[in-house]
Amino acid sequence: MSPVGNDTQNGTSVESAFATLEKARNAIREIKRGSTLEKPVTVYLQGGTYQLSEPFVLTPEDSGTEEFPVSYRAYDDEKPIISGGLKVSEWAKAELNGHTVLVSDLSKIKKYVPFEQLWVNDHRAVLARTPNSGYLKVPTTQGEDTKDVKRSSTYDFSYDQSDEHYLEDVDDGVAVVFNKWLEYHMPIDRIDRQNKKIISTKKGGRAIEADDDYYLEGGRVMLDNPGEWYLDRSEEKLYYFPLEGETDIVATIPSLINVLRLQGDAAADQLVEHVQFKGLTFSHTTWVLPRDAEESGYGQADIRMEGALFLTGAKNCLFEGCEITAIGNYGLEMSLGCSNNRVLRCNIHDLGAGGFLIGPKIRPKGKVAAEEIGGALPPVLEKPTDATHTNEIADCRIYDGGRYFHCAVGIWIGQSPDNHIHHNEIYNFYYSGISTGWTWGYGPALATGNIFEYNKIHHIGKLTNGDGSVLSDLGGIYTLGNQTGTIIRFNEFHDIWAGKYGGWAIYCDEGTTNILIENNLAYRCRHACFNQHYGKDNLIRNNIFAFADASVVMMAKIQPHTDYILKNNILLSDGTPIYAGGYDYRVEQKNAFVADSNLVWSTAGKVLGAQNRFPSRIYEPNEAVMGWEDWKALGNDQHSIIADPGFKDPSNGDFTLPDDSPALKIGFKPFPLGQAGPR
């Protein structure tokens, strides 16, 4: 195939290449018609952009076999780009907000629809925003919750008087508000200057709180900085403020939600099987939150959208050495009835939302409490054929996500068991790196038997460029519900940050049960290296947890059973306590969890035992702190020891242990370092 090919040719050589993927697919159908494949079939794509007017769709009739797969792959080392975008290359000069900018008439472009993300000359352009960098703060005058009165979501929120100069003529813009683990896109209706409020046409998802961060975007008056763009929706005109020295400007506006769809029917046992994609680039998809819809966001992890590559009823398919970039939604979704698919050595980056969606997006209704464990409950899936399981993501780099939908995650696994996620690098997300499980409490759950190993997860919450710390309640790996058989091991976490609370490397949220966490390295975390909200019988052993701003280990809520067992770990502080309580667990309470045979140490000298911290607060040295001996007197850490483990250079991330480390005395078994991430 070639972007300059012709579908009237026979497609059997470079000189007679087809132009479209559909023609190549149909030619394979002709080969298969009335017979079975007798050898592998490969479609070679030469370099260049294949601009799609609709998604490329493969159905069960396009399947290969285990012996003779059907492959779509790059020709030699060339770079074919499968694009869902429309090119904009005709510009005129215009004056806007006192600047010389470019303008293009989009009414001339067939199939144009409004969009919220744009790429110019192969880079993501910035939707005009105020302020141009950083964030504004909701002032403390929002009011506080009381025991009897809880504020609810509203159409408005307060602004600070000192920020009023930002709010001139912004009524065609959108306020993007960060609240806990969510972001809201709230179109501006008007500015109430008398009461110092921004009035929106949509509600926030929850009550907007004091010190929540926000910014404004998409308004005409906001186009004031090189690299920004503005879409006049009523006039159908696109404005762009070129970067210094930027010429020959070609913009790409996204027009398709998916560029690739594998559409099988698992319920009918009609699957798309043994199709492979190698060395291809997939780009320029869209996802728009309609301004006239009631909702202002998609909830936790922004999962209520489709992936740019969408699979349903797919089995034994392969993506290898591919790139998914310049995407407006999630990169790749394995929806219902997908199994034994592999994604290997791929780069997934510049993402409007997240990297991967795996499994049914089903959240069982209600929360099953601890005292209700064992009761009869309906199954998660009505159709067993909807199960998605046993998929593999390995040696991939997943980064620069949440560019528009900020609370998206690197890899999301819903009600899906037995997946293998290993040797990936995940970084630069505002929310969590990996999220697994979608059951709150102890109810029915299917995210069991998943293996997460040798992943390198860093700069979550705060990006490598310093942007962020606007979302809370996040983890490098975040878990929910029954995790029986799930293992988190040999991963490396560092620089896990958050806004108000919850920058945790490993975060076992509501109902996390029967998970094994071992042989992980986690350091430089905003609140703790490990935190459990509440759960049951989790085993955390043989990990290195070092340096966090509240404590090394936290727990939020006590349960009438053992929440977790913490043994044979190295717990290293730089002055903060080793343990901290939460909103419903006081460190004076006995038998909340089992902690024993750990090595503890503080580079600041004295080892501190525990302090009661609501998760939103870091360590406070002027408040009551339980000493280590008092912590032990409660029955905790009876066989733990205080000793310097002897790490080579922990402040710079080198946790190499000497052969005679005292950590060996508490049963710690050294594990290999530096092996996490793509091989």
Side-chain angles (χ1 to χ4, degrees), residues 97 115-118 124-140 142 153-192 196-206 208-231 239 241 288-289 291 296-298 302 328 351-353 400-408 428-431 461-463 465-472 474 497-500:
N97 302 329
F115 51 93
E116 292 171 336
Q117 300 173 70
L118 177 75
R124 178 183 285 264
V126 178
L127 179 56
R129 60 167 284 172
T130 295
N132 288 321
S133 63
Y135 305 92
L136 306 176
K137 290 278 189 184
V138 175
T140 56
Q142 284 295 102
S153 60
T154 62
Y155 289 95
D156 60 73
F157 62 94
S158 299
Y159 64 83
D160 193 278
Q161 174 69 44
S162 63
D163 295 328
E164 193 162 45
H165 65 284
Y166 289 121
L167 303 177
E168 295 288 343
D169 300 319
V170 297
D171 294 3
D172 60 339
V174 175
V176 180
V177 184
F178 298 91
N179 172 235
K180 291 185 166 63
W181 52 89
L182 304 168
E183 101 269 347
Y184 314 135
H185 300 259
M186 302 175 67
I188 298 169
D189 181 47
R190 60 188 174 88
I191 305 300
D192 180 353
K196 300 294 183 287
K197 285 182 176 290
I198 297 173
I199 313 297
S200 174
T201 61
K202 296 185 180 187
K203 285 185 178 182
R206 300 168 65 95
I208 297 172
E209 300 176 343
D211 292 325
D212 281 350
D213 294 279
Y214 73 97
Y215 66 94
L216 312 176
E217 71 175 10
R220 185 183 190 92
V221 73
M222 302 173 198
L223 187 71
D224 61 357
N225 201 45
E228 291 186 334
W229 62 276
Y230 162 70
L231 175 63
Y239 293 84
F241 193 162
V288 174
L289 180 61
R291 293 194 179 186
S296 59
Y298 290 119
D302 275 324
L351 308 165
D400 292 347
R403 301 294 299 272
Y404 188 82
F405 297 101
H406 303 296
C407 64
N428 279 356
F429 282 84
Y430 294 91
Y431 190 51
K462 179 185 285 187
L463 312 189
N465 65 4
D467 187 23
S469 293
V470 289
L471 290 171
S472 299
L474 60 91
W497 225 244
K500 294 182 178 180

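Position 1 is the first residue of the sequence; numbering continues from there.
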Check your understanding: Which pair of non-hydrogen atoms, one from A353 and one from A408, has the smallest distance, and what is that distance?
Key -> C-CB, 3.2 Å
Exercise for review: Measure from NZ or CZ of R129 to the centre of the six-membered ring of Y166 and say whether it is under 6.0 Å with the direction within 45° of the ring axis.
Suggested key: no
Check your understanding: Are Y155 and M186 side-chain neighbours, meaning at least one heavy-atom pair lies under 4.5 Å?
Key -> no
**Study point:** Heavy-atom side-chain proximity of V470 to E183 below 4.5 angstrom
**Key:** no
**Study point:** Full working for side chain to side chain contact (heavy atoms under 4.5 Å, CB included) between M222 and E228
**Key:** CA-CA 9 Å; M222 302 173 198; E228 291 186 334; 5.6 Å; no
Check your understanding: Atom NZ of K500 and atom CZ of F178: how far apart are they, to the nearest 0.5 Å?
Key -> 13.0 Å
Review point. Where do L167 and L216 land on the side chain to side chain contact (heavy atoms under 4.5 Å, CB included) test, with the steps shown first?
Key: CA-CA 9 Å; L167 303 177; L216 312 176; 3.5 Å; yes
Review point. Can you tell me how far the CZ atom of R206 sits from the NZ atom of K180, to the nearest 0.5 Å?
Key: 5.0 Å
Review point. Got a donor-acceptor contact below 3.5 angstrom from the S472 side chain to the A498 backbone?
Key: no
Review point. Under 4.5 Å between any side-chain heavy atoms of D211 and V138, yes or no?
Key: no
Review point. How many angstroms lie between atom CG of D171 and atom CD1 of I199, to the nearest 0.5 angstrom?
Key: 10.5 Å
Exercise for review: Return the orientation label for the H406 and Y430 ring planes: parallel under 30°, perpendicular over 60°, tilted otherwise.
Suggested key: perpendicular
**Study point:** Atom pair CG (D156) and OG (S200), whose distance is rounded to the nearest 0.5 Å
**Key:** 9.0 Å
Review point. D160 and L136: side chain to side chain contact (heavy atoms under 4.5 Å, CB included), yes or no, with the steps?
Key: CA-CA 9 Å; D160 193 278; L136 306 176; over 6 Å; no
Exercise for review: Could you walk me through whether D212 and K137 pass salt bridge (charged side-chain N to carboxylate O under 4.0 Å, His left out), step by step?
Suggested key: CA-CA 6 Å; D212 281 350; K137 290 278 189 184; over 6 Å; no
**Study point:** Main-chain N/O of R220 paired to D172 side chain as donor or acceptor, under 3.5 Å
**Key:** yes
Point to revise | Pairwise distance NE2(H185) to OH(Y404) - rounded to 0.5 angstrom | key: 5.0 Å
Check your understanding: Do V174 and R291 have side chains that get closer than 4.5 Å, going by heavy atoms?
Key -> yes
Check your understanding: Are K462 and D467 within salt-bridge range, i.e. N to O under 4.0 Å?
Key -> no
Exercise for review: Evaluate the side chain to side chain contact (heavy atoms under 4.5 Å, CB included) criterion for residues S158 and K197: first the C-alpha distance (whole Å), next the side-chain angles of each, then the deciding distance (0.1 Å), finally the verdict.
Suggested key: CA-CA 4 Å; S158 299; K197 285 182 176 290; 3.6 Å; yes
Check your understanding: Parallel, tilted or perpendicular for F157 and Y214, by the 30°/60° rule?
Key -> perpendicular
Practice item. Kindly compute the distance separating CD (E116) from CG (L127), expressed to the nearest 0.5 Å. Key: 8.0 Å
